[in-house]
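Data first, discussion second: the structure below is written as structure tokens.
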Amino acid sequence: MRSAGPEPVGTEAVDGFAGLRIDPGGEPADVRGHVVGPLRVTTVRGAALALRGVPEGGPGVTALVHVRGAAVLGGAGDGRCGPGDLVVCDGPFDLRETEDFLLHVVRLPLRVLGPVDPAVLRGVHRPADSPTASLIEPLLVSLAGPGRAWQGPTADRLASDTAGLFTTLARETRSTFPADAGSDRHLLTTRLRAYVNENLFDRGLSPESIAARHHISVRYLHKLFAGEGVTVSRWIQQRRLEECLRELGRRGGAPRPAVAVVGKRWGFGNAAHFSRSFRTAYGISPRDRSGPPVRPS
């Protein structure tokens with residue numbers, strides 16, 4: 001669904017990673033971006049210069065990986081970083097590149113990460129000190145590779161797997177999960193949400209199928225989501241509508257997909273039900289979807 005190969009975007013704001021500015025006193029930089037499911041991947045290359053990143057579009061974390069070069073990080077956690085290091089920021093950051101560099105930047109929305117405190121992930125994670133960081137770094141380089149065009153369920157699964165590794169990294173770095181009985185509930189809820197995100201296209205997705213897949217009772221499943229402030233069925237529908245909203249509002253040279261096709265792709269078996277649900281959530285019909293994304297009421 002959502003992905004084309006990397007395309008040049010200059011030094012201006014990039015969707016999902018807005019406000020990336022290149023210091024005009026430095027050498028010109030090449031900035032390219034693409035998406036992998038809900039993840040925004042941006043690649044920056046150039047000579048020694050200073051750049052600032054300001055992510056927008058909702059809460060989340062930003063991961064930075066150097067393929068070449070070295071830099072000094074400021075803003076969202078100070079430290080030196082270079083190839084092999086995984087840098088995670090939970091807000092705006094400043095990066096002073098000290099030599100010719102190639103940098104990949106991946107933006108992960110908080111809704112994909114689940115109940116993780118972004119501040120726990122902040123800082124420079126080195127493979128020698130973190131087994132999980134040693135897994136994440138090559139994965140992000142692969143996601144940023146040239147010519148990547150993962151689509152639909154494949155892209156969403158890759159995004160979910162990536163988010164799962166960041167959840168593991170949070171635990172590894174003495175994460176936000178308390179060391180009590182509630183910790184297991186938080187972790188299970190995170191896995192349940194990841195499973196739902198991976199299987200939104202499955203029209204058979206239901207509280208019963210989710211509970212059976214995770215070897216828990218439907219009653220316990222509902223209890224877990226009650227603590228999240230939403231019913232299981234409601235959250236499934238909400239996530240499906242969010243994906244339909246994003247796809248219907250997609251810009252670019254490709255023709256806009258048919259409304260019925262989009263609804264079916266994201267698990268709505270009945271076109272009339274999809275249209276009613278979409279209008280209830282966003283105040284417009286799927287066919288009228290245009291302009292910048294609107295937020296559910």
Side-chain angles (χ1 to χ4, degrees), residues 1-10 12-20 33-42 54-60 107-113 149-160 163 193 196-207 225 228-297:
M1 159 199 140
R2 305 169 293 275
S3 211
E7 56 186 31
V9 293
E12 300 304 319
V14 181
D15 178 25
F17 187 74
L20 179 61
H34 65 280
V35 293
V36 178
L39 309 184
R40 178 76 207 189
V41 183
T42 304
V54 182
E56 295 180 349
R107 179 72 179 165
L108 297 91
L110 193 58
R111 65 176 177 78
V112 175
L113 289 172
W150 290 296
Q151 299 181 1
T154 299
D156 291 325
R157 289 192 183 99
L158 284 169
S160 178
R193 285 179 174 270
V196 170
N197 279 321
E198 291 173 4
N199 293 275
L200 290 172
F201 61 90
D202 181 0
R203 274 179 265 172
L205 188 66
S206 67
F225 273 77
E228 298 292 308
V230 64
T231 66
V232 181
S233 297
R234 174 62 179 166
W235 191 70
I236 293 172
Q237 177 167 295
Q238 178 181 315
R239 285 291 299 113
R240 283 172 168 163
L241 288 170
E242 287 172 353
E243 296 300 335
C244 291
L245 178 72
R246 185 189 352 256
E247 186 167 353
L248 289 169
R250 185 175 57 197
R251 300 296 182 183
R256 178 172 297 180
V259 168
V261 171
V262 173
K264 185 176 181 180
R265 179 166 24 245
W266 292 105
F268 288 94
N270 183 286
H273 172 61
F274 167 50
S275 183
R276 287 195 302 271
S277 300
F278 193 97
R279 183 181 290 276
T280 298
Y282 301 111
I284 57 173
S285 73
R287 295 186 186 282
D288 292 336
R289 167 72 174 115
S290 62
V294 294
R295 297 182 178 276
S297 56

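Position 1 is the first residue of the sequence; numbering continues from there.
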Note to self: Run K264 and R203 through side-chain contact (heavy atoms from CB on, under 4.5 Å) and show every step you take.
What the structure shows: CA-CA 9 Å; K264 185 176 181 180; R203 274 179 265 172; 3.3 Å; yes
Next item on the list: Evaluate the side-chain contact (heavy atoms from CB on, under 4.5 Å) criterion for residues R240 and F274: first the C-alpha distance (whole Å), next the side-chain angles of each, then the deciding distance (0.1 Å), finally the verdict.
Entry: CA-CA 10 Å; R240 283 172 168 163; F274 167 50; over 6 Å; no
Next item on the list: Would you please test L241 and F268 for side-chain contact (heavy atoms from CB on, under 4.5 Å) and show each step?
Entry: CA-CA 9 Å; L241 288 170; F268 288 94; 3.7 Å; yes
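Looking at every heavy atom in both residues, L39 comes nearest to P109 through CD2-CD, 4.2 Å. For the residue pair V259 and P286, the shortest heavy atom distance occurs at CG1-CB, 3.4 Å. In terms of heavy atoms, A159 sits closest to V112 at O-CG1, 4.2 Å. Contact record, P207 with S233: CG-OG, 3.6 Å, taken as the closest heavy-atom pair.
Residues satisfying the side-chain hydrogen bond (donor to acceptor under 3.5 Å, both in side chains) test with N197, not counting sequence neighbours, are R239. For S285, the side-chain hydrogen bond (donor to acceptor under 3.5 Å, both in side chains) partners are D288, not counting sequence neighbours. Residues forming a side-chain hydrogen bond (donor to acceptor under 3.5 Å, both in side chains) with S275 (at least two apart in sequence, or on another chain): none.
The CG atom of N199 sits 6.5 Å away from atom CZ of R157, with the distance rounded to the nearest 0.5 Å. The CD atom of Q238 lies 11.5 Å from the CG atom of L245; values are rounded to the nearest 0.5 Å.
Within the 3.5 Å criterion, the main-chain N or O of H273 finds a donor-acceptor partner in the side chain of N270. Looking only at distances, a side-chain donor or acceptor of T280 sits under 3.5 Å from a matching main-chain atom of R276.
Contact annotation: the side chain of D156 approaches that of P38 to within less than 4.5 Å [non-hydrogen atoms, C-beta and beyond].
Relative ring orientation between F278 and Y282 is described as tilted, the plane-to-plane angle lying within the 30° to 60° band.
Partner of L200 under the side-chain contact (heavy atoms from CB on, under 4.5 Å) criterion, chosen from E243, R265, Q237: E243.
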